[in-house]
Amino acid sequence: MNSFKKIPVKNFQRGALEVAPFLLGKLLVRKINNRFLVTRIVEVEAYLNDDPASHSFGRVTERNKAMYGAGGHFYVYFIYGNYFCVNVVTNVKDHGEGVLIRAVEPIEGMEEMRKNRNDITKDQDISNGPGKLCMALHIDKKFYGLPVNGEDLFIAYDNRTHEFETSISKRIGLSVSVETEHRYFIKGNPYVTKHKFNK
DNA sequence: CGACCGATTGACT
DNA sequence: GTCAATCGGTCGG
């Protein structure tokens, strides 16, 4: 698999609540040393501007300014002194919205991803979490603000046909309590983060 | 410039 | 199940 159909930036310039379920089942691909690490997105969360849980809430800062750029670019942030997480910015410029990619399923290059995860033994631990998948794919701040149809990290359509059922829930790990169900995941997929919210 | 804190993870009981 | 590590971003003084 190396003829990828990258998804144009324009597809992400609509509301985060539309983009989030759209991203499920799409491919997140990382090119390293001319080889491809291919994964399938299985869990995401939408963050809006008027949302107290969103990094874009309040005002534009040095960290969140990518969320206020045009949809179709990556917003990468560093958290808990250890981890990176990656989002897709949504809507047109100045909206301050995005979709966090919370979990992916390895499709190609799984053993290389496992090495990036310190040779962890259980397959699902390679990429069942926003910090874990960034480690597995070597995603860091160098992708901050870059377009989602770029060279070394991009999102593509999956050529194969996959039936799946989408579930929703409240979001995970928030320091503020929010009742809205803005988390979307592929029901039953083993790489979805384990949580009581799962249906 | 100092203090506080987090859209997490991994180690441990 | 619980809990602490860890440090850049953010904000207050």
Side-chain angles (χ1 to χ4, degrees), chain A residues 12 15-24 28 39 41-69 71 73-91 95-106 113-145 148 153 155 167-186 189-198:
Chain A
F12 300 97
L17 296 179
E18 281 182 63
V19 173
F22 168 77
L23 275 169
L24 291 179
L28 177 66
T39 69
I41 298 170
V42 300
E43 177 181 347
V44 298
E45 286 178 356
Y47 287 86
L48 304 179
N49 173 265
D50 62 354
D51 175 355
S54 175
H55 289 171
S56 59
F57 186 71
R59 59 194 191 85
V60 181
T61 67
E62 191 59 28
R63 176 173 72 156
N64 70 19
K65 65 183 181 186
M67 290 186 78
Y68 285 88
H73 295 73
F74 291 114
Y75 163 53
V76 180
Y77 68 89
F78 185 67
I79 193 72
Y80 293 113
N82 276 306
Y83 307 106
F84 291 100
C85 297
V86 62
N87 294 245
V88 177
V89 177
T90 62
N91 224 316
H95 275 249
E97 298 181 7
V99 176
L100 170 68
I101 300 177
R102 281 195 55 88
V104 301
E105 171 184 357
M113 289 184 239
R114 189 192 308 276
K115 281 181 191 156
N116 295 341
R117 290 279 296 127
N118 200 23
D119 290 319
I120 199 152
T121 50
K122 286 177 67 179
D123 289 352
Q124 66 182 43
D125 285 330
I126 293 173
S127 56
N128 64 341
K132 295 176 185 178
L133 73 91
C134 284
M135 279 186 257
L137 296 175
H138 275 312
I139 295 172
D140 58 28
K141 274 209 135 173
K142 68 175 169 287
F143 296 105
Y144 186 94
V148 297
L153 179 66
I155 297 172
S167 287
I168 67 171
S169 80
K170 295 199 287 186
R171 290 167 298 180
I172 291 175
L174 307 183
S175 60
V176 291
S177 175
V178 182
E179 292 303 312
T180 49
E181 296 193 310
H182 287 354
R183 172 174 175 249
Y184 301 76
F185 58 97
I186 294 181
N189 186 283
Y191 289 88
V192 170
T193 58
K194 181 167 137 28
H195 198 277
K196 63 183 178 183
F197 293 159
N198 293 3

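Letters A, B, ... are given to chains in the order of the sequence lines, protein chains preceding strands, and every chain is numbered from 1. Predicted, not measured: the structure shown is a model, and the values here were computed from it.
Taking atom NZ of residue A/K194 and atom P of nucleotide C/dT2, one finds them 12 Å apart after rounding to whole Å. Regarding A/E43, its CD atom lies at a distance of 16 Å from the P atom of B/dA7, rounded to whole Å. Put simply, CZ on A/F84 is 16 Å from P on C/dT6, counting in whole angstrom units.
In terms of the side chain to side chain donor-acceptor pair (under 3.5 Å) criterion, residue partners of A/K142 (sequence neighbours excluded) are, by chain and number, A/D140. Residues satisfying the side-chain contact (heavy atoms from CB on, under 4.5 Å) criterion with A/K122, sequence neighbours excluded, are A/Q124, A/D125. Residues satisfying the ring-ring contact (aromatic ring centres under 6.0 Å, His included) criterion with A/F84, sequence neighbours excluded, are A/F78.
Close to C/dG9, at under 4.0 Å from its OP1 or OP2, lies no side-chain N or O of A/T61. Between A/S175 and B/dC5, a side-chain N or O to OP1/OP2 separation shorter than 4.0 Å is absent.
For A/R63, the side-chain atoms get nearest to C/dT10 when compared with the rest of C/dG8, C/dT10, B/dA7.
Where stacking is scored as ring centres under 5.5 Å apart with planes under 30°, A/Y47 registers as stacked on the base of B/dA7.
Neither side chain, A/Y191 nor A/D123, offers a donor N or O lying under 3.5 Å from an acceptor on the other.
Pairs of residues two or more places apart, or lying in two chains, that qualify as side chain to side chain donor-acceptor pair (under 3.5 Å) and include a residue from residues 75-84 of chain A are A/H55-A/Y75.
The shortest non-hydrogen separation linking A/A66 to A/Y144 is N-OH, 3.1 Å.
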- Query: What string of B, S and - do you get for nucleotides 8-13 of chain B, 5' to 3', when a contact is any protein heavy atom under 4.0 Å?
  - Reply: BSS---
- Message: For Watson-Crick and G-U wobble pairs within 3.5 Å on both distances, what is DNA chain C written in dot-bracket notation, | included for inter-strand pairing?
- Response: |||||.||||||.
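Listed for the A/E105 side chain is no donor-acceptor partner under 3.5 Å among the backbone atoms of A/N189. With A/T39 contributing its side chain and A/L28 its backbone, the two residues share a donor-acceptor pair below 3.5 Å.
Tested against A/L100, the residues A/V44, A/V86, A/N87 include a single side-chain contact (heavy atoms from CB on, under 4.5 Å) partner, A/N87.
In this structure, A/K141 reaches the sugar-phosphate backbone alone: every heavy-atom distance under 4.0 Å involves primed, P, OP1 or OP2 atoms, never a base.
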